[in-house]
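Residues take their numbers from the sequence shown, with the count starting at 1.
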Amino acid sequence: YPDGRSFDSAQDDSALRRQMEWESPWGLGFPGWHIECSAMSVKALGETFDIHTGGIDHINVHHTNEIIQSEAASGKRFVNYWVHHAFLLVDGAKMSKSLGNTYTVTDIATNGFDPLTLRYLFLETHYRQEMNFTWEAIRAAQVSLERLTQEIAGWDKPKVGCAVFEEKFLASINDDLNMPKALAIMWDLVRSDYPTSAKAESLIKFDKILGLDLMGFASRARAGFNAKDQEIPNEILKLVQERKVFRKNKQFSEADRIRTKIREMGYDIQDRDYGKTAIGKLRS
């Protein structure tokens, strides 16, 4: 250290916690997080791989060190494409444990949202732009995803495809991963006058990139929410009515709590236009 202390000094608390140390010509050494990342990347992906992601705060130091040490060791290009995302805000503030505004995917599910709704929300913002997470935003994403499900639930089996929309979609992906534009093109396809069989074929291709399990949602909608012969227990119907009251009074947290309870009982609901609610039994 600049102040004269040695690495193995008892004053150095971190030295007591380290498990990997080696003698070197320069003194006692240990791996830092830069070399750890290079080692894991090379072991799992090889000396050169296509995409490396990370936050914008890693550009100047961490990723620069990864490039230098990896390429010095192999003599090869380390990464072909770097994707650095902007920060994620929560209710307009930086996400941190001290503020108590950190959420996990489990928290999303506990509040009654399908985790894929969170993915849809992320796709609405370009990775280079800051995104502000709010419960209102994910609720809006849920509405959009449910509307999409309803749109495609009655489509014919996939056949042929819509080449024009597929070309536009691919162009948006190749335009620096412009996912918001890709979503807009997807919606243009859904609302177009092409045969539903052709739209279904293209949507399957889109979803290989979007990862929203759209046809799975549509299949579940056909099997669960359109079945007229299902007998819904009175207890479930009562909970649905209670939830409607909460939603009418804009008590959304209570409404989401009831929806979670309904799911735990083996059923799910979809909010449709004009205040209607569809109920279906979840498949195991």
Could you go step by step and tell me if K261 and E264 meet the salt bridge (Lys or Arg N to Asp or Glu O under 4.0 Å) rule?
CA-CA 5 Å; K261 185 175 182 180; E264 290 173 348; over 6 Å; no
So, the side chain of D114 versus the backbone of L116: is there a donor-acceptor pair under 3.5 Å, distance only?
yes
All heavy atoms of E201 vs all of V160, minimum pair found to be CG-O, 2.6 Å
Strictly distance-based, threshold 3.5 Å: is any side-chain N or O of D268 a donor or acceptor partner for the main-chain N or O of R263?
no
Taking the side chain as C-beta and beyond, is there a heavy-atom pair between E23 and L28 under 4.5 Å?
yes
Taking all non-hydrogen atoms of both residues, which atom of I108 and which atom of F133 are closest, and how far apart?
CD1-CZ, 3.8 Å
Nearest heavy-atom approach of L121 to A137 is CD1-O, 3.8 Å
Determine yes or no for a side-chain-to-main-chain donor-acceptor pair under 3.5 angstrom, with D50 supplying the side chain and N80 the backbone.
no
Testing H62, Q69, E66 for side chain to side chain donor-acceptor pair (under 3.5 Å) with H34, which one passes?
H62
Kindly write out the residues that satisfy ring-ring contact (aromatic ring centres under 6.0 Å, His included) with Y120, not counting sequence neighbours, or none if the list is empty.
none
May I have the step-by-step check of side-chain contact (heavy atoms from CB on, under 4.5 Å) for K94 and L88, ending in yes or no?
CA-CA 7 Å; K94 182 179 179 180; L88 173 64; over 6 Å; no
Looking at every non-hydrogen atom in both residues, tell me the closest pair between I269 and I262 and how far apart they are.
CD1-CD1, 4.2 Å
Report the distance from atom CG of D188 to atom CZ of F169, rounding to the nearest 0.5 Å.
12.0 Å
Audit row: Y194, C162, side-chain contact (heavy atoms from CB on, under 4.5 Å) steps and yes/no:
CA-CA 8 Å; Y194 278 86; C162 308; 3.5 Å; yes
Answer yes or no: is there a donor N or O on one side and an acceptor on the other, between the side chain of D175 and the main chain of A171, under 3.5 Å?
no
For D107 and T104, does a side-chain donor sit closer than 3.5 Å to a side-chain acceptor?
yes
Looking at T53, I56, L177, which one forms a side chain to side chain contact (heavy atoms under 4.5 Å, CB included) with Y127?
L177
Looking at R259 and E146, does any basic side-chain N land under 4.0 Å from a carboxylate oxygen?
yes
When clusters are formed by joining ILVMFWY residues with side-chain heavy atoms under 4.5 Å apart, either directly or through shared neighbours, do M265 and L237 land in the same one?
yes
Hey, are the side chains of L189 and F206 touching, using non-hydrogen atoms and a 4.5 Å cut-off?
yes
Residues H63, H84; criterion side-chain hydrogen bond (donor to acceptor under 3.5 Å, both in side chains); working and verdict
CA-CA 10 Å; H63 288 166; H84 292 102; 2.8 Å; yes
With distance as the sole test, does K159 use its side chain to make a donor-acceptor pair with the main-chain N or O of S197 at under 3.5 Å?
no
If you apply the rule side-chain contact (heavy atoms from CB on, under 4.5 Å), what do you find for E71 with I67, and how did you get there?
CA-CA 6 Å; E71 296 190 357; I67 294 170; 3.7 Å; yes
Please give me the minimum heavy-atom distance between T117 and I138, naming the atom from each residue.
CG2-O, 3.5 Å
Report yes or no: does N178 contribute a side-chain atom to a donor-acceptor pair with the main-chain N or O of K181 at less than 3.5 Å?
yes
Under the salt bridge (Lys or Arg N to Asp or Glu O under 4.0 Å) rule, what do K205 and E166 come out as? Steps first, then yes or no, please.
CA-CA 8 Å; K205 295 179 181 178; E166 290 177 14; 3.3 Å; yes
Report yes if the side chains of L214 and L148 come closer than 4.5 Å at any heavy-atom pair, otherwise no.
yes
State the CD-CZ distance between E130 and F87, to the nearest 0.5 angstrom.
7.5 Å
Please give me the minimum heavy-atom distance between N132 and G92, naming the atom from each residue.
OD1-N, 2.6 Å
Residue pair F49 / V79, side-chain heavy-atom distance below 4.5 Å:
yes
Verdict with reasoning, E167 to L170, per side-chain contact (heavy atoms from CB on, under 4.5 Å)
CA-CA 5 Å; E167 290 175 4; L170 184 60; 5.9 Å; no
Same cluster (ILVMFWY, side-chain, under 4.5 Å), I204 and I173:
yes
Co-membership, hydrophobic cluster, residues F113 and M95, 4.5 Å side-chain:
yes
Take T196 and D156 through the side-chain hydrogen bond (donor to acceptor under 3.5 Å, both in side chains) test and state the conclusion after the steps.
CA-CA 6 Å; T196 58; D156 295 327; 3.2 Å; yes
With side chains defined as the heavy atoms from C-beta onward, is the minimum distance between M131 and F122 less than 4.5 Å?
yes
Assigning hydrophobic clusters by single linkage (Ile, Leu, Val, Met, Phe, Trp, Tyr; side-chain heavy-atom cutoff under 4.5 Å), is I68 placed with F78?
no
Are the side chains of Y81 and H52 in contact, using a 4.5 Å heavy-atom criterion?
no
Hydrophobic cluster membership, L118 vs W135, 4.5 Å side-chain cutoff:
yes
So, does S70 use its side chain to make a donor-acceptor pair with the main chain of S38 at under 3.5 Å?
no
When rounded to the nearest 0.5 angstrom, what is the spacing between CZ in R247 and CZ in R139?
8.0 Å
Just wondering, do W82 and I51 contact through their side chains at under 4.5 Å, heavy atoms?
no
Check whether more than 12 heavy atoms from other residues, nucleotides or ligands sit under 6.0 Å from atom CD of E235, and answer yes or no.
no
Side chains of N111 and Y103: closer than 4.5 Å at any heavy-atom pair?
no
Output the distance between atom NE2 (H126) and atom NE2 (H85), rounded to the nearest 0.5 Å.
13.0 Å
Ion pair check, D256 and R243, cut-off under 4.0 Å:
no
Which value, rounded to the nearest 0.5 Å, describes the distance between E254 atom CD and F246 atom CZ?
5.0 Å
In Å, rounded to the nearest 0.5 Å, how long is the span from CG of N65 to NE2 of H58?
12.0 Å
